[in-house]
Structure formats: structure tokens, C-alpha cells
Amino acid sequence: VQGEDVLTYEEAEKAAREWFKELVLLDSNETERAASYSVNDALDDYLKDYTRRGGKSLGNVKNVFDLHVRPELGDIEITKLTKKQVRTWRDKIADQPALIRTQPNKPQRHKKNESPEARRQRRSTTNRVLSHLKAALNTAHQNDHALSADAWAGVKPFKNVDAPRVRYLTDDESTRLVNTCPPDFRALVVAALLTGARYGEITALKVNDFDPDSGTLLIALSKSGRARHVVLTDEAQDFFRRETAGKAGADLIFTRKSGKAWMPSDQGPRMRRASEVASIEPAVTFHILRHSHASRLAMHGADRKSTRLNSSHTSI
């Protein structure tokens with residue numbers, strides 16, 4: 001009936017005009033909202049999504065954004081971001097000398113006279129930072145906060161910087177390094193050289209993880225999330241028997257002199273100090289002990305597949 005279920009021509013025309021007005025208003029509001037969406041907003045939304053997905057390195061990603069991205073790009077509206085801005089930002093990070101740990105509220109310090117290897121490492125770091133930024137911006141693009149991804153998609157990572165020379169210690173260097181370490185830290189270094197395990201894996205070891213009957217060590221907490229058993233040499237078995245003697249099964253095998261657990265930040269300064277005293281240049285990282293273990297096994301005739309599985313390297 002006209003006037004109830006069916007509109008007159010005039011009524012339909014009026015309704016259509018109102019509908020088009022609403023569309024224009026909605027489009028205007030959406031445009032205004034998109035224009036005010038900054039890189040900082042994209043980073044914040046990405047971190048929320050990363051948390052929801054159960055990302056394992058939330059703290060690291062957040063630090064990367066806070067240190068490298070927000071100061072230079074954070075306030076720029078994502079729709080106004082240009083390829084030149086992203087490329088200039090990338091090059092600035094790559095050219096900046098490596099950071100030195102600095103006290104809060106103090107000017108950030110940097111290393112001087114960097115070697116070619118240090119510059120390679122810096123470019124490799126820049127590639128990882130760029131990857132995190134692109135992930136955040138791509139997420140914003142997928143959520144319609146940017147019509148185009150050209151501003152960052154065309155900025156490429158540096159080439160041939162992600163394959164460093166594999167470094168390892170000779171037996172003489174290993175001995176000198178071990179002898180210069182204080183007793184509590186020395187035990188960690190020896191454990192790494194004898195097992196090829198990572199710092200976090202070693203510091204998490206409990207007495208029950210060592211099985212003297214089978215001569216194996218259980219790495220229950222690994223980088224990959226999968227547990228593995230390390231087959232120990234006779235030398236390593238003797239070492240772990242000494243380190244676990246008189247301790248309860250649930251006790252940590254390795255602790256600091258104070259009895260407290262080792263923290264991730266404890267190893268860097270100690271490795272640098274020990275390297276300096278042992279006249280090992282450049283200073284070695286704890287991860288190089290892992291390389292040294294694998295290289296030592298290989299040079300003493302162990303097959304490469306067993307060495308890879310024992311230390312959980314991703315490739316031979």
C-alpha cells in the first residue's frame with residue numbers, strides 16, 4: 001500500500017539524497033581517521049597483535065621499535081610516509097656505530113673505530129630492524145590504514161651481510177679463556193665447550209637433567225622449543241658428575257657465587273673481560289663457545305650429522 005510498504009517518488013528521492021549524504025560523511029570520517037594514523041599507531045597495533053598471537057620475542061621487538069623506529073619515523077602519518085624517508089632512516093641506522101650500554105638519563109654512547117666485521121654486523125642488525133618495521137606497516141596496510149605499501153616495500157635489505165665467518169677457539173685459546181674466568185663463571189664456559197649448549201640452556205639445567213647411567217644431558221628448554229638429549233664425552237661426563245655431586249635433583253647445576261641463578265645480562269661483561277685477560281682479540285661471545293664445541297668434535301673425527309643433532313644446529 002502506498003505510504004506504508006511502498007514509497008512515493010518524492011519520498012524515495014528524499015531517502016536517496018539522505019543516504020548519499022551519509023555515505024559522503026562516512027567517507028570523510030574514514031579519510032580523516034586514516035590521515036591521522038601514524039607509524040607509532042601502526043607499531044602499537046602490531047605489538048598488540050603480536051601479543052595476541054603469542055609472539056616469543058615481544059620484549060625484543062618492543063625494544064627495537066623504541067630504540068630504532070619511533071625516534072625517527074614514529075610521528076609521521078603512515079599515508080604521508082615516503083620511500084625516501086624509509087631509505088634515509090635505514091641508512092642512518094646502518095652507518096651509526098654500534099651502541100654501548102649506557103646508564104639511564106645519560107647520552108647514548110657508541111663504539112669507535114669499528115672494524116669491517118663490526119660494520120657487517122651493523123648492517124645485519126639493520127636488516128632485522130627493517131624486517132620488524134615492514135611487518136608492522138604491512139599489518140597496517142592490510143587493515144586499510146594505508147592504500148599503498150610502496151613507501152616501504154621498495155626499500156630493500158642490505159645484501160651479503162647475514163653470513164658471518166664461523167669463528168671458533170683453538171684448544172690453546174679455550175684453555176686460556178677458561179683459566180681467566182672466575183670459578184662460578186668458569187663452570188658455565190667449560191659446560192659450553194663440552195656440550196655446545198647455549199647460555200640459556202646451560203643456566204636452566206637442573207641436576208636431574210644429567211643422566212650418569214646413559215651419559216646424556218637433557219636440554220629441556222631450548223631455542224626451538226623442542227627438548228633434546230646431548231650425548232656426552234667421557235670428559236664431559238666426569239665434569240657433570242663433579243658439578244652435580246651433593247646437590248638435590250631439582251637444584252640448578254650452575255649458579256652464581258651468591259647462590260642466585262644466572263641472568264641473561266651476566267655473561268656479556270664476563271666474556272669480554274676474560275677475553276681481554278686471555279689476550280683473545282677480538283673478544284669472543286658465549287655463542288662462539290658453541291661453535292668451538294662443534295668444530296672440536298669435527299676435527300676429532302665425529303660425523304657431522306651427529307654433531308649437528310647433538311648441538312641442535314639447524315644445518316650441517
Colleague: Can a donor-acceptor pair be found between the side chains of R272 and S275 at a distance below 3.5 Å?
Modeller: no

Colleague: Tell me whether K83 contacts the main-chain N or O of V155 through its side chain, where contact means a donor paired with an acceptor under 3.5 Å.
Modeller: no

Colleague: Quick one: sort the H145 and Y37 rings into parallel, tilted or perpendicular, breaks at 30° and 60°.
Modeller: parallel

Colleague: Any donor and acceptor pair, going by atom type alone, linking the side chain of R122 with main-chain N or O of I93 inside 3.5 Å?
Modeller: yes

Colleague: Walk me through it: do H68 and N63 pass the test side-chain contact (heavy atoms from CB on, under 4.5 Å)?
Modeller: CA-CA 8 Å; H68 297 295; N63 288 338; over 6 Å; no

Colleague: For a quick check under 3.5 Å, do D41 and S38 share a side-chain donor-acceptor pair by atom type?
Modeller: yes

Colleague: In terms of hydrophobic clusters joined by side-chain contacts under 4.5 Å, are F286 and F254 together?
Modeller: yes

Colleague: Is there a side-chain contact (heavy atoms from CB on, under 4.5 Å) between L130 and W89? Walk through the geometry before answering.
Modeller: CA-CA 10 Å; L130 177 63; W89 163 83; 3.8 Å; yes

Colleague: Taking G249's backbone N and O only, do any of them form a donor-acceptor pair with N208's side chain (distance below 3.5 Å, no angle check)?
Modeller: yes

Colleague: For R123 versus A94, what's the shortest heavy-atom pair and its separation?
Modeller: CG-CB, 4.2 Å

Colleague: V161 vs T126, test: side-chain contact (heavy atoms from CB on, under 4.5 Å). Steps then yes/no.
Modeller: CA-CA 10 Å; V161 297; T126 301; over 6 Å; no

Colleague: Would you compute the distance between atom CZ of R186 and atom CG of N179 and round it to the nearest 0.5 angstrom?
Modeller: 6.5 Å

Colleague: Do M271 and L289 have side chains that approach each other closer than 4.5 Å (heavy atoms only, starting at C-beta)?
Modeller: yes

Colleague: Using a 4.5 Å cut-off on heavy atoms from C-beta on, say whether the side chain of T139 contacts that of D45.
Modeller: no

Colleague: With rounding to the nearest 0.5 angstrom, report the OG1 to CG distance, T233 to L194.
Modeller: 6.0 Å

Colleague: How close do K257 and D184 get, counting heavy atoms only, and between which atoms?
Modeller: N-OD2, 3.0 Å

Colleague: If you apply the rule side-chain contact (heavy atoms from CB on, under 4.5 Å), what do you find for I219 with V230, and how did you get there?
Modeller: CA-CA 7 Å; I219 304 294; V230 176; 3.8 Å; yes

Colleague: Could you measure the distance from the CD atom of Q85 to the CG atom of L73? Nearest 0.5 Å is fine.
Modeller: 7.0 Å

Colleague: Quick one: CG on L177 to CG on L193, what's the gap to the nearest 0.5 Å?
Modeller: 7.5 Å

Colleague: Taking atom NZ of K62 as the centre, does the number of heavy atoms from other residues, nucleotides or ligands within less than 6.0 Å exceed 12?
Modeller: no

Colleague: So do the side chains of L218 and L205 get within less than 4.5 Å of each other, counting heavy atoms only?
Modeller: no

Colleague: Check E201 with R228, please: is the shortest side-chain N to carboxylate O separation under 4.0 Å?
Modeller: yes

Colleague: Linking I/L/V/M/F/W/Y whenever their side-chain heavy atoms sit closer than 4.5 Å, directly or via other members, would V277 and V190 fall into one cluster?
Modeller: no

Colleague: Do R241 and Q237 come close enough that some side-chain heavy atom pair is under 4.5 Å?
Modeller: yes

Colleague: Under 4.5 Å between any side-chain heavy atoms of N40 and L43, yes or no?
Modeller: yes

Colleague: Out of curiosity, K134 NZ to N127 CG, how far, rounded to the nearest 0.5 Å?
Modeller: 9.5 Å

Colleague: Identify whether the distance between the nearest side-chain nitrogen and carboxylate oxygen of K206 and D209 falls below 4.0 Å.
Modeller: no

Colleague: Between R290 (side chain only) and G196 (backbone N and O only), is there a donor and an acceptor less than 3.5 Å apart?
Modeller: yes

Colleague: Please walk me through it: do R120 and S124 pass side-chain hydrogen bond (donor to acceptor under 3.5 Å, both in side chains)?
Modeller: CA-CA 6 Å; R120 182 205 65 77; S124 178; 4.5 Å; no

Colleague: Measure across Y168 and I288 and return the closest heavy-atom pair with its distance rounded to 0.1 Å.
Modeller: CA-CG2, 4.1 Å

Colleague: Just wondering, more than 12 heavy atoms not from E276 lying within 6.0 Å of its CD?
Modeller: no

Colleague: Any side-chain heavy-atom pair from F185 and R273 closer than 4.5 angstrom?
Modeller: no

Colleague: I'd like to know if D172 pairs up with R176 as an ion pair, taking the criterion as any Lys NZ or Arg NE/NH1/NH2 lying under 4.0 Å from an Asp or Glu carboxylate oxygen.
Modeller: yes

Colleague: Calculate, to the nearest 0.5 Å, the distance between atoms OG1 and CZ belonging to T195 and F239 respectively.
Modeller: 8.5 Å

Colleague: Using a 3.5 Å distance criterion without hydrogens, assess whether the side chain of H141 forms a donor-acceptor pair with backbone atoms of A146.
Modeller: yes

Colleague: Quick check: closest heavy atoms across A140 and A42, and the distance to 0.1 Å?
Modeller: CB-CB, 4.0 Å

Colleague: State, yes or no, whether a side-chain contact exists between T88 and K92 at a heavy-atom distance under 4.5 Å.
Modeller: no

Colleague: State, to 0.1 Å, how close D66 and P71 come at their nearest heavy-atom pair, and which atoms those are.
Modeller: O-CD, 3.4 Å

Colleague: Which heavy-atom pair separates F240 from A191 by the least distance, and what is that distance?
Modeller: CZ-CB, 4.3 Å

Colleague: Please check: side-chain N/O of S292 versus main-chain N/O of L169, any donor-acceptor pairing under 3.5 Å?
Modeller: yes

Colleague: Students often mix this up, so state it plainly: with edges at 30° and 60°, are the rings of Y46 and F65 parallel, tilted or perpendicular?
Modeller: perpendicular

Colleague: Using the ring of F158 (Phe, Tyr or Trp, six-membered ring only), decide whether R90 places NZ or CZ under 6.0 Å from its centre and within 45 degrees of its axis.
Modeller: yes

Colleague: Do E243 and F210 have side chains that approach each other closer than 4.5 Å (heavy atoms only, starting at C-beta)?
Modeller: no

